[in-house]
Structures are given as structure tokens and as C-alpha cells.
Amino acid sequence: LEKMTDLVAVWEVALSDGVHKIEFEHGTTSGKRVVYVDGKEEIRKEWMFKLVGKETFTVGATKTKATINIDAVSGFAYEYTLEINGKSLKKYMENRSKTTNTWIMTLGGTDYRVVLEKDTMDVWCNGQKMETAGEFVEDGTETHFSVGDYSCCIKAVSSGKRKEGIIHTLIVGDREIPEAVE
């Protein structure tokens with residue numbers, strides 16, 4: 001395996017189907033550009049005469065659009081920024097924390113990462129979109145799904161405060177799982 005000598009940037013991107021690692025190699029003498037997503041080569045360009053520019057590719061099961069921008073800062077120094085769906089990584093992650101809930105839990109010795117997409121009510125677990133059954137209950141809604149032999153339920157209840165909106169809680173068996181901060 002060729003050693004990544006021109007590795008200039010590494011990003012971790014939390015999406016519904018998991019946390020993805022994006023690595024970027026930029027050979028400023030050879031003009032080489034290589035993009036890896038989760039260790040797999042997505043783009044390889046040799047002998048690029050233009051050292052600045054952008055590389056666009058997709059990440060994860062949802063084929064989320066990602067772009068690496070290469071800008072000259074001064075002389076032979078370059079700055080690399082990652083955009084997800086047209087937003088800076090920071091902006092994207094801030095927005096994502098408003099549109100999703102994430103829980104990390106261990107069941108029967110296995111780690112699980114459960115993500116609720118609040119706009120669609122889609123539930124993801126370890127990279128797989130889950131089969132769910134929703135029902136209306138007295139104080140809100142419940143979204144039921146299974147992880148292995150465990151029954152899980154995401155309860156959605158109004159906070160009673162307009163600013164807070166709806167509170168989503170993951171319950172596995174009779175245990176409430178605390179929300180994770182990514």
C-alpha cells in the first residue's frame with residue numbers, strides 16, 4: 001500500500017448512515033489530487049496544472065454531496081475546506097443538530113448509533129434505514145422499530161414551549177437512552 005505522503009486534510013462527517021472519514025491528498029509539486037471516503041479511493045487525478053480548484057463527490061448511503069475547495073493562501077500555502085450539501089462543514093453540522101437526533105447505545109455487547117431524521121421521521125441504525133411503525137398516543141406519537149432482539153421506541157412529545165418544539169426520546173425496553181452530542 002502506497003503511503004499517503006501528500007495527505008493534507010482529514011475530516012469526520014456525521015451523516016444518518018454513520019460517521020464518515022474523508023481524507024484528501026494534494027501533491028503541490030505533482031499536482032496530484034486524491035480523495036478517500038472511509039479509506040476507499042473516490043477520486044484520483046495526476047498531474048493537474050492548476051493547483052487550486054475543487055473536487056466534488058458523494059458520501060455515504062444517502063449519496064450526500066461533498067466538495068473540497070482548494071484555495072491558495074500565500075505563496076505555496078493552500079487552504080482546504082469541506083462543504084456538505086453546499087454548506088461549510090461547521091454550518092452543515094449546526095443545521096444537522098436541529099434536524100436530527102442521535103443516540104449511541106450498547107445492546108448485548110454491540111454498539112449502535114441510532115439517528116432520527118425529524119423532517120421525514122426516518123430512523124437509521126448503524127448505516128441501515130430501519131423499518132418503522134408509527135402510532136398516535138395520548139401525549140404525542142411513538143415510532144417503533146427493532147434492533148436485534150430489542151424493541152425500540154422513539155417518543156415524540158410536545159415540550160409545551162414554542163421555542164423548544166417537540167422532544168424526541170429513545171426508549172429501549174424500559175430504559176431511556178440519553179441523546180449523544182456529535
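Predicted model only: the values in this text are computed from it and were never measured.
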Asker: Strictly below 4.0 Å, N to O, side chains only: are E94 and K98 in salt-bridge contact?
Answerer: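 Salt bridge absent between E94 and K98.
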Asker: Show your working on side chain to side chain contact (heavy atoms under 4.5 Å, CB included) between N95 and K87 and close with a plain yes or no.
Answerer: CA-CA 10 Å; N95 185 50; K87 292 186 183 79; 4.1 Å; yes
Asker: Less than 4.0 angstrom from a charged side-chain N to a carboxylate O is my criterion; do K32 and E46 meet it?
Answerer: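 Salt bridge absent between K32 and E46.
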Asker: I'd like to know if the side chain of T67 reaches the main chain of T56, judged simply by a donor and an acceptor atom lying under 3.5 Å from each other, with no hydrogens or angles considered.
Answerer: no
Asker: Can you tell me how far apart CG (D122) and OG1 (T62) are? Round to the nearest 0.5 Å.
Answerer: 10.5 Å
Asker: What do you reckon, is CD of Q128 surrounded by more than 12 foreign heavy atoms closer than 6.0 Å?
Answerer: no
Asker: Mind checking whether F145 and Y150 sit in one hydrophobic cluster, side chains of I, L, V, M, F, W, Y counted as touching below 4.5 Å?
Answerer: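 They do share one cluster, since a chain of ILVMFWY contacts under 4.5 Å joins F145 to Y150.
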Asker: Could you go step by step and tell me if Y36 and E25 meet the side-chain hydrogen bond (donor to acceptor under 3.5 Å, both in side chains) rule?
Answerer: CA-CA 8 Å; Y36 298 92; E25 285 185 50; 2.9 Å; yes
Asker: Mind checking whether V13 and L82 have side chains closer than 4.5 Å, heavy atoms only?
Answerer: yes
Asker: Do the side chain of N69 and the main chain of E79 share a donor and acceptor less than 3.5 angstrom apart?
Answerer: no
Asker: With a 4.5 Å heavy-atom cut-off, do L7 and F24 have their side chains touching?
Answerer: no
Asker: Under 3.5 Å, is there a donor-acceptor pair between the side chain of H26 and the main chain of L51?
Answerer: yes
Asker: Check whether any side-chain heavy atom of V157 sits under 4.5 Å from a side-chain heavy atom of T169, and report yes or no.
Answerer: no
Asker: Mind running side chain to side chain contact (heavy atoms under 4.5 Å, CB included) on L116 and M121 for me, showing each step along the way?
Answerer: CA-CA 6 Å; L116 167 68; M121 291 305 286; 4.1 Å; yes
Asker: Is any side-chain heavy atom of E179 less than 4.5 Å from a side-chain heavy atom of I167?
Answerer: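 No, their side chains stay 4.5 Å or more apart.
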Asker: With clusters defined by side-chain heavy atoms of hydrophobic residues (ILVMFWY) lying less than 4.5 Å apart, directly or transitively, does V37 cluster with W124?
Answerer: no
Asker: Please enumerate all residues that pass side chain to side chain donor-acceptor pair (under 3.5 Å) together with H20, with sequence neighbours excluded.
Answerer: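 In terms of side chain to side chain donor-acceptor pair (under 3.5 Å), with neighbours along the sequence ignored, H20 is linked to D17, D38.
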Asker: Which residue, R44, K45, K50, forms the salt bridge (charged side-chain N to carboxylate O under 4.0 Å, His left out) with E55?
Answerer: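 Option passing the salt bridge (charged side-chain N to carboxylate O under 4.0 Å, His left out) with E55: K45.
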Asker: Does the side chain of K155 reach to within under 4.5 Å of the side chain of I171, using non-hydrogen atoms?
Answerer: yes
Asker: Would you indicate whether the side-chain heavy atoms of L15 and Y92 approach each other to under 4.5 Å?
Answerer: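 Yes, close enough: below the 4.5 Å cut-off.
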Asker: Are L89 and I70 co-members of a hydrophobic cluster defined by side-chain heavy atoms under 4.5 Å apart?
Answerer: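 In one cluster with I70: L89, yes.
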Asker: Please check if W103 and V19 belong to a single hydrophobic cluster, counting links between Ile, Leu, Val, Met, Phe, Trp and Tyr side chain heavy atoms closer than 4.5 Å.
Answerer: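 Cluster IDs for W103 and V19 differ.
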